[in-house]
Amino acid sequence: MAKKNESPERKTGVAAWKEETGGATHAQNRAGAERRNRVIALVALAALCIACVVCFIPVKERITRGLWLKEGTAVTFAVTKEDGSKPSAEEMNNAVGVVRHRLASTGISEYDVSTSGEDSLVVTLPWNMDAQTIARSVGGAGKIEFARFDSIGDADALVKINAGTSGVELRDGSYTAFMDGSMIESAEVADLGSGSYAVTLTFNDEGKQVFADVTKELAEDSGQIALIVDGAVLTAPSVSQEISDGVVSISGFTKEEAESLKALVESDTLSLKMTASGTASTDPLIGKQMLWGLVFVAIALLVGVTVASFVKFGRLAVVMGGAMLVFGITLLGMLAIGSMSNMFVLTMPGVVGGACAGWLCVISVWLMIADFYGKVSQGRNIRGAAMSAPHDGMRRMLVPVLALSVLSAIAMFLPIPVIREIGTTFVLGAVSGVIAVFWYAVTLLRLLASTSIQAHPESWGVKAVAVDNVATAEAS
């Protein structure tokens with residue numbers, strides 16, 4: 001016998017009223033919890049922004065800047081031939097090229113090398129560098145030699161070296177080198193911590209054999225090998241054992257000394273004699289007027305974007321303006337932390353990288369707000385449009401942003417200073433952009449959509465957009 005289908009008993013009266021009000025109460029509670037969570041998120045973001053402001057104010061003291069954005073130190077060299085005569089224009093140009101190559105090898109982000117007159121060369125370095133040490137190292141002939149310490153016949157120099165003095169010049173003919181820099185294949189710098197650096201030298205086959213023979217003899221009584229650069233003893237480490245693999249690591253250098261030695265290994269020798277004749281402070285390379293011009297242009301662009309978003313989106317321009325403000329504050333905060341930790345120097349290429357990330361942030365927020373209006377005009381409810389607009393509006397930006405972020409992350413580790421600075425600030429800008437877009441703009445838009453926009457759509461221009469589109473459709 002077939003079973004009779006029984007429909008569920010329909011509740012009426014008080015039972016139905018309780019069921020309906022219970023469901024409505026649950027939805028209201030969930031909506032209220034979402035609003036509270038968004039308010040808490042925005043309050044937490046405000047606290048983060050305050051912390052960033054504390055980090056970067058005053059900007060001049062908290063964010064270190066490179067040569068293009070701040071004054072530097074110019075070291076002037078008098079240039080002569082070995083016989084004391086004036087060099088030719090071609091020889092001066094070759095000298096400029098060699099010095100530029102050496103500075104690039106040190107990893108310095110910004111520098112300038114130029115001629116002054118017929119027999120002077122000027123090396124300009126950032127304010128936070130030991131300009132005299134670097135310029136003296138890269139401006140020398142670059143002749144690297146190794147000599148047994150017991151073969152040095154300059155008694156006065158030996159006293160200074162034994163007292164721990166670095167860069168002691170030796171009298172001509174007071175030592176005999178057993179090998180020179182032509183036998184070095186490569187040099188690598190390693191950070192040992194606490195301000196101490198080591199340089200690892202790798203020799204070619206000939207140098208490997210020569211160095212092994214000498215260290216074998218010196219290891220018997222812990223003798224020393226003097227590393228001599230342009231006739232001055234840079235260091236004289238002791239030898240405790242034979243070094244037969246052609247690789248030697250020498251420690252006890254400052255960062256500038258280690259990088260300068262590496263630069264000398266990787267560059268040609270100078271055929272001219274360069275003598276430091278004086279130092280002087282310089283203005284930023286782009287000039288103070290141009291610097292203020294760039295600041296004015298940046299402010300004008302921000303104001304222009306804010307006005308354009310107000311014309312286009314009305315009161316929702318608060319989302320755009322706030323996003324740009326959050327982006328700028330968080331980026332400056334990260335730059336300040338990096339600068340105070342001696343990890344980062346803001347250079348002109350760095351400004352370009354941060355600006356590119358900022359424009360991607362502006363475009364992402366613009367597309368999100370435009371997509372929100374578009375969905376509402378198509379009949380989507382306000383809350384639903386606010387929930388889906390961030391995903392759909394910014395989907396078009398996903399591929400280029402990810403591609404640029406990956407390329408910038410790779411660029412951070414490249415040996416080319418300009419590319420490295422652009423990559424570093426773009427990555428920092430991308431982090432600030434994520435905070436500005438997803439933490440601020442998305443959260444605020446959804447909060448407004450569930451409160452003020454839903455309660456007063458006309459004042460936010462939402463109803464006007466929908467009516468305009470309907471009227472256009474009927475006319476067509």
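For this chain, numbers begin at 1 and follow the sequence in order.
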Query raised in the report: If only atom types and distance count, is the side chain of Thr165 paired as donor or acceptor with the main-chain N or O of Lys160 below 3.5 Å?
Result: yes
Report summary line: dist Gln224:CD -> Ile152:CD1 (nearest 0.5 Å) comes out at 9.0 Å
Query raised in the report: Tyr197 and Phe253: aromatic ring centres closer than 6.0 Å?
Result: no
Report summary line: d(Ile329 CD1, Met334 CE) to nearest 0.5 Å is 12.0 Å
Query raised in the report: When you measure from the side chain of Ser120 to the backbone N and O of Gly117, does any donor-acceptor pair fall under 3.5 Å?
Result: no
Requested in this report: Would you confirm whether Ser196, through its side chain, and Gly193, through its main-chain N or O, come within 3.5 Å as a donor-acceptor pair?
Outcome: no
Query raised in the report: Under a 4.5 Å cut-off applied to non-hydrogen side-chain atoms, are Leu234 and Ile228 in contact?
Result: no
Requested in this report: Return yes if some donor-acceptor pair links the side-chain N/O of Ser222 with the main-chain N/O of Leu218 below 3.5 Å, else return no.
Outcome: no
Requested in this report: Return yes if a side-chain donor-acceptor contact under 3.5 Å exists between Glu90 and Asn94, otherwise no.
Outcome: no
Requested in this report: Report the C-alpha distance between Leu332 and Val53 in whole Å, list the side-chain angles of each, state the deciding distance to 0.1 Å, and finish with yes or no for side-chain contact (heavy atoms from CB on, under 4.5 Å).
Outcome: CA-CA 8 Å; Leu332 287 174; Val53 171; over 6 Å; no
**Report entry** Where Ala147 and Ala177 come nearest, the two heavy atoms and their spacing
**Finding:** CB-CA, 4.1 Å
Report task. Kindly give the heavy-atom pair with the smallest separation between Cys55 and Ile337, and that separation in Å. Result -> SG-CG1, 4.2 Å
Report task. To the nearest 0.5 angstrom, please state how far the CD atom of Glu188 sits from the NZ atom of Lys262. Result -> 5.5 Å
Query raised in the report: Should we say atom CG of Asp221 is surrounded by more than 12 heavy atoms from elsewhere, each under 6.0 Å from it?
Result: yes
Requested in this report: Could you tell me whether the side chain of Lys143 reaches within less than 4.5 Å of the side chain of Val229, counting heavy atoms only?
Outcome: no
Query raised in the report: Do Arg100 side-chain atoms and Val113 backbone N/O form a donor-acceptor pair below 3.5 Å?
Result: yes
Requested in this report: Indicate the atoms forming the closest heavy-atom contact of Ala212 with Ser244, along with that distance.
Outcome: CB-CA, 3.9 Å
Report task. Would you check if the side chain of Ser174 reaches a backbone N or O of Leu170 as a donor-acceptor pair within less than 3.5 Å? Result -> no
Query raised in the report: Looking at side-chain heavy atoms only, is the closest gap between Tyr440 and Leu42 below 4.5 Å?
Result: yes
Report task. Verify the neighbour count for atom CZ of Phe178: are there more than 12 heavy atoms of other residues, nucleotides or ligands below 6.0 Å? Result -> yes
**Report entry** Validation row: Leu158, Phe149 side chains within 4.5 angstrom (heavy atoms)
**Finding:** yes
Query raised in the report: Can any side-chain N or O of Thr443 pair as donor or acceptor with the backbone N or O of Trp439 at less than 3.5 Å?
Result: yes
Report task. Determine yes or no for a side-chain-to-main-chain donor-acceptor pair under 3.5 angstrom, with Thr215 supplying the side chain and Glu242 the backbone. Result -> no
Query - pair Phe372-Leu316: side-chain heavy atoms closer than 4.5 Å - result: yes
**Report entry** From CG (Asp230) to CD1 (Ile144), nearest 0.5 Å
**Finding:** 8.5 Å
Query - Glu91 (side chain) donor-acceptor with Ser88 (main chain) under 3.5 angstrom - result: yes
**Report entry** Main-chain N/O of Asp154 paired to Arg171 side chain as donor or acceptor, under 3.5 Å
**Finding:** no
Query raised in the report: Quick one: CG on Leu201 to CD on Glu185, what's the gap to the nearest 0.5 Å?
Result: 11.5 Å
**Report entry** Check: Thr306 and Met320 side chains under 4.5 Å, non-hydrogen atoms
**Finding:** no
Query raised in the report: Can you name the nearest heavy-atom pair linking Leu346 to Gly350, along with the distance?
Result: CD1-C, 4.3 Å
**Report entry** Where Phe327 and Gly354 come nearest, the two heavy atoms and their spacing
**Finding:** CZ-O, 3.8 Å
Query raised in the report: Can you find a heavy atom in the side chain of Val79 that is under 4.5 Å from one in the side chain of Lys273?
Result: no
Query - Pairwise side-chain contact, Phe146 with Leu227, heavy-atom cut-off 4.5 Å (strictly under) - result: yes
Query raised in the report: Is the shortest distance from a Lys or Arg side-chain nitrogen in Arg446 or Glu34 to a carboxylate oxygen in the other one below 4.0 Å?
Result: no
Query raised in the report: More than 12 heavy atoms of other residues, nucleotides or ligands under 6.0 Å from CD of Glu118: is that the case?
Result: no
Query - Where Ala78 and Ser277 come nearest, the two heavy atoms and their spacing - result: N-OG, 4.1 Å
Query raised in the report: Given the rule in the side-chain contact (heavy atoms from CB on, under 4.5 Å) test, do Thr73 and Thr124 qualify, once you have shown the distances and angles that lead to the verdict?
Result: CA-CA 6 Å; Thr73 302; Thr124 307; over 6 Å; no
Query raised in the report: Is any NZ, NE, NH1 or NH2 atom of the basic residue among Asp150 and Arg148 found under 4.0 Å from an Asp or Glu carboxylate oxygen of the other?
Result: yes
Requested in this report: Determine, step by step, whether Lys86 and Thr80 satisfy the side-chain contact (heavy atoms from CB on, under 4.5 Å) criterion, reporting the C-alpha distance in whole Å, the side-chain angles of both residues, the deciding distance to 0.1 Å, and the verdict.
Outcome: CA-CA 5 Å; Lys86 288 186 178 182; Thr80 60; over 6 Å; no
**Report entry** Between OG1 on residue Thr254 and CD on residue Glu259, distance to nearest 0.5 Å
**Finding:** 9.0 Å
Report task. Any chance you could lay out the side-chain contact (heavy atoms from CB on, under 4.5 Å) test for Trp359 and Leu301, step after step, and finish with the verdict? Result -> CA-CA 10 Å; Trp359 277 112; Leu301 287 173; 4.0 Å; yes
